[in-house]
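See structure below.
Side chains are part of it too, since the values below use all heavy atoms of this structure and drop only hydrogens, waters and symmetry mates.
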Amino acid sequence: MAKPKFFLLLTLIISLNFIYSQRPNTKKVAIPYLQFPSNPLNKNIETYVSKVVNYSTLFQISNIGLNLKGYENVASIGEADLEIKFVINNASFTSKPFKAKYKKKVNDSTYVDAEGGRYMVVATVNFSEYIRDLKNDKLLISNEGINISNQFTSDLIKNYGSAIKQHNNNRESIAIRIFYENTMEGLRRFKSTLNSNFGYPLNFYYVAFARGRGKKFDYSDLERSFKNIERITEIINSAFTGPNPPRYGNYNEEMKNELFSKLEDTIKILNNSIEEYVPRKKKTKISDKIIDHLYINLATAYFLNGELNKASETLKGVKINKGEIKVASQFNSKIEDVSKRLKLQ
């Protein structure tokens, strides 16, 4: 009877710990923030025109928009203060079939050496990037002769003759697909550089918010702070909807009042929760398991409220769990970048 009693006692202990201990019960939220440019344009720049020019005859691509966030996109260069241009200089590819050894199955226990084939296609797009300040007659960016290459290799084809045939039939269509993918990657990089240097994009930083969970304690306050954050993100996102929202968002007075009210409530809740922290004690509402999350969450609320120094100071409270210490360090680097960009304006 000793063993059944022991396991019954162990189960009871585990159950009690589950009931009385608290858990973070986190959920990630995409926190929106306006990123300021690292290299602000002259104050008299208000409009821009963008275009993609393709000098290659091997593939076609539409004039995909290069959006500079925070500025007005106009139709013609005569109306523009800034010209943004992505030029595809040329495209090229090489391809070849080649023999490939493999083990051919004869029966369940016997394999023999056999020869099949594969084929490969390597495609390259060469392009240039230009940004010209027309208003002040300055060439801001001129990156010429950039190459992006990618390779396709087929699966094993068990007959070399079939590999040659498939190579001859498919190489051009595969090359065109890679040309398009390379161009999209080049445009993605250019857009990122463009808006990091000169634009005002709405970016997102993901933060896990603690809501708490446990039968012994009431976590309705943390649940309310989480709901506040969800609503705050909804308001900010709605202020930047549409094809060409204002640089700093389209907020009316009702949106502003709700935003600040919910931020104030969230900051109060999280500060109060942190004050309830009891170190090295499991049977308490706010213990070692959740405290680091609360400091990160409070820092996020200060970040959203524009109190960057307070956000950085708050992150210094994250000291217990290695995972959260790393998260706090990464978040602090983001805050430092945002602060540095703000000082350049």
Side-chain angles (χ1 to χ4, degrees), residues 29-52 62-87 129-143 184-207 232-256 258-260 263 300 302-308 311 333-345:
V29 179
I31 301 299
Y33 68 96
L34 189 64
Q35 179 179 278
F36 285 75
S38 62
N39 187 16
L41 293 169
N42 195 294
K43 299 295 184 185
N44 62 357
I45 303 295
E46 297 178 355
T47 61
Y48 72 95
V49 65
S50 71
K51 57 184 174 180
V52 175
S62 59
N63 186 21
I64 297 167
L66 288 161
N67 296 325
L68 179 58
K69 301 294 185 178
Y71 292 87
E72 182 185 356
N73 188 7
V74 294
S76 68
I77 199 165
E79 305 170 81
D81 301 326
L82 195 76
E83 181 188 29
I84 302 165
K85 190 159 62 172
F86 183 91
V87 179
E129 305 165 341
Y130 303 99
I131 301 178
R132 184 180 293 277
D133 179 346
L134 302 171
K135 194 88 168 180
N136 304 288
D137 194 23
K138 293 178 183 177
L139 185 61
L140 303 178
I141 287 181
S142 177
N143 297 325
M184 289 299 101
E185 176 59 19
L187 283 165
R188 185 196 66 77
R189 294 178 192 176
F190 188 34
K191 285 180 187 178
S192 178
T193 299
L194 171 68
N195 280 290
S196 179
N197 285 351
F198 310 116
Y200 295 80
L202 187 69
N203 286 351
F204 297 89
Y205 194 82
Y206 287 84
V207 177
I232 288 163
T233 62
E234 287 175 4
I235 294 169
I236 296 172
N237 285 327
S238 67
F240 288 89
T241 55
N244 196 25
R247 178 177 294 177
Y248 303 111
N250 189 18
Y251 295 95
N252 57 38
E253 285 304 312
E254 183 180 349
M255 291 165 73
K256 290 177 185 177
E258 185 180 3
L259 192 65
F260 293 124
L263 275 170
T300 305
Y302 283 134
F303 177 75
L304 284 166
N305 206 36
E307 298 177 275
L308 301 184
S333 295
K334 172 57 65 179
I335 293 168
E336 287 175 354
D337 179 64
V338 170
S339 181
K340 182 179 177 182
R341 287 170 178 271
L342 275 169
K343 289 173 183 176
L344 294 171
Q345 307 311 304

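- Nearest heavy atoms, A80 versus Y48: CB-C, 4.0 Å.
- The backbone N or O of R188 sits nowhere less than 3.5 Å from a side-chain atom of S192 that would complete a donor-acceptor pair.
- Using a distance-only test at 3.5 Å, with no hydrogens or angles considered, no donor-acceptor pair links the side chain of N73 to the main chain of N67.
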What verdict does the side-chain contact (heavy atoms from CB on, under 4.5 Å) test give for F303 and V338, after you've listed the backbone C-alpha separation in whole Å, the side-chain angles of each residue and the deciding distance to 0.1 Å?
CA-CA 10 Å; F303 177 75; V338 170; 4.1 Å; yes
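- Contact record, Y200 with F36: CE2-CD2, 3.5 Å, taken as the closest heavy-atom pair.
- Distance check, rounded to the nearest 0.5 Å: CG of L34 to CZ of R247 gives 9.0 Å.
- Using modelled atom types, one side-chain atom of N42 and one backbone atom of N44 make a donor-acceptor pair closer than 3.5 Å.
- The CG atom of L263 lies 5.0 Å from the CG atom of N305; values are rounded to the nearest 0.5 Å.
- Counting heavy-atom neighbours within 6.0 Å of K191 NZ, excluding the residue itself, gives a total above 12.
- Residues N197 and S38 have side chains in contact (heavy-atom distance under 4.5 Å, counting atoms from C-beta outward).
- Shortest non-hydrogen contact noted between L139 and R132 is CD1-NH2, 3.8 Å.
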Under the side-chain contact (heavy atoms from CB on, under 4.5 Å) rule, what do T193 and F198 come out as? Steps first, then yes or no, please.
CA-CA 8 Å; T193 299; F198 310 116; over 6 Å; no
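- Taking CG from L259 and OG1 from T233, the interatomic distance works out to 10.0 Å, rounded to the nearest 0.5 Å.
- A salt bridge links D81 with K135: the closest approach of a Lys/Arg side-chain nitrogen to an acidic carboxylate oxygen falls below 4.0 angstrom.
- No donor-acceptor contact under 3.5 angstrom links the side chains of E254 and N252, judged on distance only.
- Crowding of Q345 atom CD: a count of heavy atoms from other residues, nucleotides or ligands under 6.0 Å exceeding 12.
- M255 has its side chain out of reach of N250: every pair of non-hydrogen atoms, C-beta onward, lies at least 4.5 Å apart.
- Contact check on K340 versus E336 returns no salt bridge, with no Lys/Arg side-chain nitrogen under 4.0 Å from an Asp/Glu carboxylate oxygen.
- For the pair E83/I77, a side-chain contact is recorded, criterion being any heavy-atom separation below 4.5 Å from C-beta on.
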What verdict does the side-chain contact (heavy atoms from CB on, under 4.5 Å) test give for E72 and N244, after you've listed the backbone C-alpha separation in whole Å, the side-chain angles of each residue and the deciding distance to 0.1 Å?
CA-CA 7 Å; E72 182 185 356; N244 196 25; 4.1 Å; yes
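- The minimum heavy-atom distance between E129 and F86, with the atom names listed, is CG-CD1, 4.3 Å.
- The shortest non-hydrogen separation linking P32 to N237 is CB-OD1, 3.9 Å.
- For the atom pair CD1 of I84 and OH of Y71, the computed distance is 10.0 Å after rounding to the nearest 0.5 Å.
- Nearest heavy-atom pair across S142 and Y130 is OG-CE2, 3.6 Å.
- Distance CD/E258 to OH/Y251: 12.0 Å, rounded to 0.5 Å.
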Evaluate L41 against L140 for side-chain contact (heavy atoms from CB on, under 4.5 Å), listing each step before the verdict.
CA-CA 9 Å; L41 293 169; L140 303 178; 3.5 Å; yes
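- In this structure, the separation between CG on D337 and CG on L342 is 10.0 Å, given to the nearest 0.5 Å.
- Taking 4.5 Å as the limit, some side-chain heavy atom of L68 sits within range of a side-chain heavy atom of N195.
- Contact check for Y33 versus I335: no side-chain heavy atoms found under the 4.5 Å cut-off.
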